[in-house]
Colleague: 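The structure's right below; bear with me while I get my questions together.
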Protein chains: 2
Amino acid sequence: MSVTLGQPPAAYAPDRPRSSSTREALLDAAEQLLVEHGVAGTSTRAIIKAAGANLGAVNYHFGTKEDLVLEVFARRLRPLNQDRISRLNALEAEAQEQPVPLEKLVEAIVRPSVEARETQPGTTMALFRLICRGFQDPNPQLKAFLNKECAEFATRIDSALLRALPWLPPQELVWRERFLFGALNHGLDSWVHFDNLPHPNPEMQPMRPDREGFIHRMVSFIAAGLSAPIA
Amino acid sequence: MSVTLGQPPAAYAPDRPRSSSTREALLDAAEQLLVEHGVAGTSTRAIIKAAGANLGAVNYHFGTKEDLVLEVFARRLRPLNQDRISRLNALEAEAQEQPVPLEKLVEAIVRPSVEARETQPGTTMALFRLICRGFQDPNPQLKAFLNKECAEFATRIDSALLRALPWLPPQELVWRERFLFGALNHGLDSWVHFDNLPHPNPEMQPMRPDREGFIHRMVSFIAAGLSAPIA
DNA sequence: GTCTATAGGGGGATAGAC
DNA sequence: GTCTATCCCCCTATAGAC
């Protein structure tokens with residue numbers, strides 16, 4: 001029952017987005033689906049379908065679904081934290097042994113997240129939403145992996161903040177940093193997925209600030225919180 | 001091949017926690033599993049197994065898995081927001097037409113979350129973690145449902161905060177409230193699931209404050225952030 | 001109200017052809 | 001490196017007995 005003999009094997013989805021390889025296509029497709037549906041809500045089959053690949057390719061390139069998911073996170077987190085560390089290096093070089101001003105440090109945390117779209121080709125803002133959620137994911141392995149990826153930057157920012165806030169006991173900084181990252185993650189999520197739902201109070205109908213306006217608002221709130229007097 | 005004829009039908013898990021009904025058992029079991037594994041990571045079968053019930057019971061009492069999940073949230077959110085509104089009423093009565101001080105308002109937001117375990121019998125602290133994650137769940141229906149459940153309190157706290165911060169444009173408050181709830185959710189999550197992982201800097205090895213200490217730290221940070229000067 | 005049985009659809013992983 | 005076929009599992013929802 002052979003027909004049209006000699007026809008070359010056709011790609012299954014000839015108009016799928018072209019990536020440099022199947023591996024990249026899988027990562028790109030997985031990233032978008034994870035953003036939309038979360039880790040537990042995304043199946044390997046959905047990923048391969050969106051990537052125009054097949055089940056075997058996941059096993060070949062990543063081993064398991066979980067390894068693929070971790071690489072999706074790592075691919076974006078590595079340059080993000082590198083950017084943060086570079087900014088910290090620049091600030092500390094500029095300050096010449098003096099403590100770096102608090103607002104500058106907070107900006108070094110916040111800005112790379114907001115600007116990732118521009119500094120990392122292919123990154124969508126929605127990606128950061130995924131990272132935010134990852135830190136609260138029920139899967140403890142994912143949480144541990146993300147913490148490991150951020151460990152170097154975390155150590156650096158800890159000591160810089162302690163120098164900027166010399167009157168603050170280190171034990172207090174630990175908790176304030178957690179509030180900081182909560183505000184950052186949730187605020188960024190709100191900004192990226194801004195939905196102009198009608199507000200009961202028309203005066204408070206939210207407006208979406210531009211990038212610099214958003215960074216400024218975030219830095220102001222966080223710097224004030226970090227500087228709060230202690231009892 | 002019948003054996004031990006006449007033996008009464010045994011419960012599948014005779015030592016399971018006794019609730020007032022199958023319905024309550026399902027809600028209790030679902031709540032714990034949702035906290036541990038998230039919405040997409042929790043199956044109806046896992047719920048019925050933990051509750052010592054059967055698949056039909058879910059359909060009978062709730063209709064679908066999703067309806068069960070929404071009721072798990074609603075059962076805890078209703079009294080939580082009632083508590084917040086009651087505190088707000090008391091503060092406004094006490095202030096007699098004057099604006100309520102900012103710290104008092106923030107405490108009315110924070111304290112019911114932290115104290116839910118005591119004011120709502122059966123509530124575990126972990127439950128709040130679930131609610132926090134629900135607001136970032138990929139399922140938009142869940143997010144919309146939670147927003148609806150919190151709408152009354154949200155309206156009330158908006159106007160109270162605007163009175164306490166008369167110099168702050170309402171448009172600015174909108175964003176600061178989002179930072180607020182991010183800090184609250186993430187901070188509470190850290191406190192409830194405090195894991196004493198070794199910190200690279202021994203000085204910053206975190207200690208878990210008691211309930212009042214935690215509320216105080218949270219209120220200080222948030223009140224300072226809300227009061228930050230505007231450009 | 002409670003339970004069993006079953007329908008009907010995906011799920012992850014892998015073996016082995018090409 | 002890529003793909004198909006397949007194993008065996010778990011999923012939700014429902015029909016209908018008790």
Side-chain angles (χ1 to χ4, degrees), chain A residues 1-2 5-14 16-30 33-34 36-72 138-139 141-142, chain B residues 1-2 5-14 16-30 33-34 36-72 138-139 141-142:
Chain A
M1 308 283 274
S2 65
L5 263 179
Q7 192 173 321
Y12 279 95
R16 70 174 184 264
R18 291 286 170 203
S19 297
S20 58
S21 69
T22 298
R23 187 189 146 88
E24 291 303 309
L26 286 170
L27 287 170
D28 290 341
L33 288 167
L34 289 173
E36 289 167 16
H37 305 113
V39 177
T42 302
S43 68
T44 309
R45 299 180 123 91
I47 294 170
I48 59 148
K49 196 173 166 185
N54 57 80
L55 274 175
V58 172
N59 176 256
Y60 177 80
H61 288 288
F62 302 98
T64 67
K65 173 194 171 184
E66 184 174 11
D67 293 329
L68 193 170
V69 169
L70 293 185
E71 182 56 26
V72 168
N139 178 353
Q141 287 187 279
L142 174 55
Chain B
M1 306 286 274
S2 64
L5 263 179
Q7 192 172 320
Y12 280 96
R16 69 174 186 263
R18 291 285 169 205
S19 297
S20 57
S21 69
T22 299
R23 186 189 148 89
E24 291 303 309
L26 285 170
L27 287 170
D28 290 342
L33 288 167
L34 289 172
E36 289 168 15
H37 305 113
V39 177
T42 302
S43 67
T44 310
R45 297 182 115 89
I47 294 169
I48 58 149
K49 196 172 165 185
N54 56 80
L55 275 174
V58 172
N59 176 256
Y60 177 79
H61 288 288
F62 303 97
T64 67
K65 174 194 170 183
E66 186 174 8
D67 294 328
L68 194 170
V69 169
L70 293 185
E71 182 55 27
V72 168
N139 178 354
Q141 287 187 278
L142 174 56

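The chains referred to below are lettered A, B, ... by the order of the sequence lines, with proteins before strands, and numbering in each begins at 1.
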Colleague: Scan B/D67, B/T22, B/L68 and name whichever one has a side-chain contact (heavy atoms from CB on, under 4.5 Å) with B/V58.
Modeller: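 Looking at B/D67, B/T22, B/L68, the match for B/V58 under the side-chain contact (heavy atoms from CB on, under 4.5 Å) is B/L68.
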Colleague: Can you check the B/H61 NE2 to C/dG1 P distance for me, whole Å?
Modeller: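 For the pair B/H61 NE2 and C/dG1 P, the rounded distance is 7 Å.
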Colleague: Is there a donor-acceptor contact under 3.5 Å from the side chain of A/K65 to the main chain of A/N59?
Modeller: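 Such a contact is absent between A/K65 side chain and A/N59 backbone.
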Colleague: Could you check how far CG of B/D67 sits from P of D/dT14, rounded to whole Å?
Modeller: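 Rounded to whole Å, this separation is 11 Å.
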Colleague: Between B/L27 and B/F62, does the side chain to side chain contact (heavy atoms under 4.5 Å, CB included) criterion hold? Intermediate values first, please.
Modeller: CA-CA 10 Å; B/L27 287 170; B/F62 303 97; 3.8 Å; yes
Colleague: For B/I47 and D/dC10, give me the distance from atom CD1 to atom C1', rounded to whole Å.
Modeller: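 Nearest whole value for this atom pair: 14 Å.
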Colleague: Just the rounded figure in Å: distance from P of C/dC3 to CD1 of B/I48.
Modeller: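 Nearest whole value for this atom pair: 10 Å.
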Colleague: Mind checking side-chain contact (heavy atoms from CB on, under 4.5 Å) for A/N139 and listing every partner two or more places apart, or none if nothing turns up?
Modeller: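 Counting only residues at least two positions away or on another chain, A/N139 forms a side-chain contact (heavy atoms from CB on, under 4.5 Å) with A/E66, A/D137, A/Q141, A/L142.
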Colleague: Using side-chain contact (heavy atoms from CB on, under 4.5 Å) as the criterion, list what pairs up with A/A40, not counting sequence neighbours.
Modeller: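 side-chain contact (heavy atoms from CB on, under 4.5 Å) check on A/A40 returns B/A40.
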Colleague: Treating primed atoms plus P, OP1 and OP2 as sugar-phosphate and everything else as base, which nucleotides of nucleotides 11-18 of chain C get B, S or - for protein heavy atoms under 4.0 Å?
Modeller: BBBB----
Colleague: So does B/H37 get a backbone contact from the side chain of B/T42, meaning a donor-acceptor N/O pair under 3.5 Å?
Modeller: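 A pair under 3.5 Å: no.
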Colleague: What's the OH-P distance between B/Y60 and C/dG1, to the nearest Å?
Modeller: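 In whole Å, C/dG1 P and B/Y60 OH are 4 Å from each other.
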Colleague: Check the distance between D/dT6's P and A/N54's CG and give it to me in whole angstrom.
Modeller: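 For the pair A/N54 CG and D/dT6 P, the rounded distance is 16 Å.
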Colleague: Using whole Å, report how far CG of B/L68 lies from P of D/dA13.
Modeller: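 Value for this atom pair: 11 Å.
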Colleague: Could you state the atom-to-atom distance from NE2 of B/H37 to C1' of D/dC11 in whole Å?
Modeller: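 Distance check: B/H37 NE2 to D/dC11 C1' gives 16 Å.
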